[in-house]
Amino acid sequence: MTSVRRDRRRLALLPVRAARQARAVPGTPALDVSGLTVRYGDTVAVDELDLTIPTGQTVALLGPNGAGKSTVVNAVLGLLAPAAGAVRVLGRTPREAVRAGSVGAMLQHGGLPSEARVGEVLDLVRRSFPTRWPLEDLVVTAGIDGLLGRPVEALSGGQRQRVLLALALAGAPPLLLLDEPTSAMDVEGRRAFWTTMRGLAERGHTVVFATHHLDEADAVADRVVVVAGGRLVADGSSAQVKAGIVGRTISFTAAPDRRLDGLPAVTGLTRQGTTVTLRTADADVTLRALLADGGLPDLEVRGATLEDAVLSLISTGTDAPIGVAR
Ligand SMILES: Nc1ncnc2c1ncn2[C@@H]1O[C@H](COP(=O)(O)OP(=O)(O)OP(=O)(O)O)[C@@H](O)[C@H]1O
């Protein structure tokens with residue numbers, strides 16, 4: 001009897017202690033990763049990665065399949081044990097931070113009990129946190145209005161992702177980790193999702209997301225971090241990463257039989273139907289040669305996109321990361 005009473009008292013004290021723990025010491029980074037190395041058997045998934053993210057930043061984690069993005073996210077959540085290095089989340093170990101409700105996560109394979117209703121799952125998860133996001137606001141913020149009475153198994157892929165977002169936000173966490181959060185969303189859903197993320201960033205939340213949608217990263221992130229082969233290859237604003245790419249992209253319409261080999265300064269060329277896209281190290285020289293050889297209908301010349309930059313970084317590989325020291 002005594003022990004039951006003591007246990008109850010301990011449970012009752014937990015939320016208060018956890019809420020206190022969730023408050024970060026001013027100036028403490030949201031995320032501080034140093035020398036992180038994670039191995040799966042012989043595979044080195046993350047290789048001596050250093051990454052410090054101040055509070056309030058929105059950071060895109062980019063890289064090809066197998067680059068190590070999900071592994072970093074899982075290490076930050078304390079879901080796997082690193083072979084080397086350290087991870088601090090708001091000054092605490094990952095497990096302490098998760099226990100304190102400081103981290104909300106949307107994982108790629110986030111599971112939901114299929115027969116339960118969305119409202120039941122949300123209620124259960126909200127109750128487990130010391131600080132709870134007010135329900136009405138949470139429903140609007142995650143865009144799940146009208147879904148609370150629906151069984152989880154009856155959700156579409158995009159609706160499921162919005163429910164996962166609501167669960168990630170349920171404890172009003174200062175740090176949000178999102179692994180490919182919009183992969184199942186339609187265009188409208190994505191736009192609404194990123195509007196929500198901008199709102200969260202304005203309220204001071206730190207948002208770290210892994211994605212393959214580089215246009216979204218370009219539009220939303222204050223900072224992009226590119227990993228390849230488990231190593232950091234670029235870290236800076238989108239503009240800084242793009243500025244590291246020399247040359248321009250030229251596109252125009254050409255008949256399929258127009259010969260385009262041997263053009264000066266061209267570093268890559270693709271044809272899709274009658275649309276030709278080429279990368280050039282010197283746009284003036286390439287354009288002069290093209291014009292001497294015929295017309296250039298629907299001509300467009302542009303600088304590097306973030307996609308161009310990331311592709312170039314990944315294909316060339318680099319020992320020293322591109323970007324700025326932080
Ligand atoms: N559970 C596991 N067991 C063994 N190897 C794994 C495991 N999880 C990941 N890996 C390997 O670790 C490396 C990094 O994988 P990770 O999932 O972190 O990459 P990612 O950048 O998130 O890829 P994607 O964009 O495809 O999601 C890959 O080589 C992958 O095959």
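It should be emphasised that the depicted structure is a prediction, and the values quoted were computed from it without experimental measurement. Atoms within each ligand, like the ligands themselves, are counted from 1 in listed order.
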To the nearest 0.5 angstrom, please state how far the [atom1] atom of [X] sits from the [atom2] atom of [Y].
X    : Y    : atom1 : atom2 : value
L79  : L107 : CG    : CG    : 6.5 Å
T196 : R162 : OG1   : CZ    : 9.5 Å
Q161 : E180 : CD    : CD    : 9.0 Å

Could you tell me which atoms of ligand 1, counted from 1 in the order shown, lie closer than 4.0 angstrom to a heavy atom of [X]?
X    : result
E180 : 25 (O), 27 (O)
A67  : 19 (O), 20 (P), 21 (O)
A45  : 12 (O), 13 (C), 14 (C)
T71  : 14 (C), 15 (O), 16 (P), 18 (O)

Salt bridge (charged side-chain N to carboxylate O under 4.0 Å, His left out) assessment of D218 paired with K242: CA-CA 10 Å; D218 198 4; K242 284 187 276 190; 3.1 Å; yes

Could you identify the single nearest non-hydrogen protein atom to [atom] and state the distance to 0.1 Å?
atom                    : value
atom 19 (O) of ligand 1 : G68 N, 3.2 Å
atom 26 (O) of ligand 1 : N65 ND2, 2.8 Å
atom 17 (O) of ligand 1 : S70 CB, 3.8 Å
atom 27 (O) of ligand 1 : Q108 NE2, 3.0 Å
atom 4 (C) of ligand 1  : Y40 CB, 3.3 Å

Check each heavy atom of P64 against ligand 1 and say whether those closer than 4.0 Å belong to the side chain, the backbone, both or neither.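 The part of P64 near ligand 1 is the backbone, not the side chain.
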
Does ligand 1 have a heavy atom under 4.0 Å from the side chain of T43, from its backbone, from both, or from neither?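 It is the side chain that gets close, since no backbone atom is under 4.0 Å.
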
Between the candidates G66, G63, G230, A210, which shows the shortest non-hydrogen contact distance to atom 14 (C) of ligand 1?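 It is G66 whose heavy atom sits nearest to atom 14 (C) of ligand 1.
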
[X]/[Y] ion pair, N-O < 4.0 Å:
X    : Y    : answer
R203 : D137 : yes
D235 : R223 : yes
D123 : R127 : yes
R231 : D50  : no

In the complex you have, is atom 31 (O) of ligand 1 within reach of the protein, judged by whether a heavy-atom distance drops under 4.0 Å?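 Not a single protein heavy atom is under 4.0 Å away.
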
CZ (R39) with more than 12 external heavy atoms under 6.0 Å: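 Incorrect, the count does not exceed 12.
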
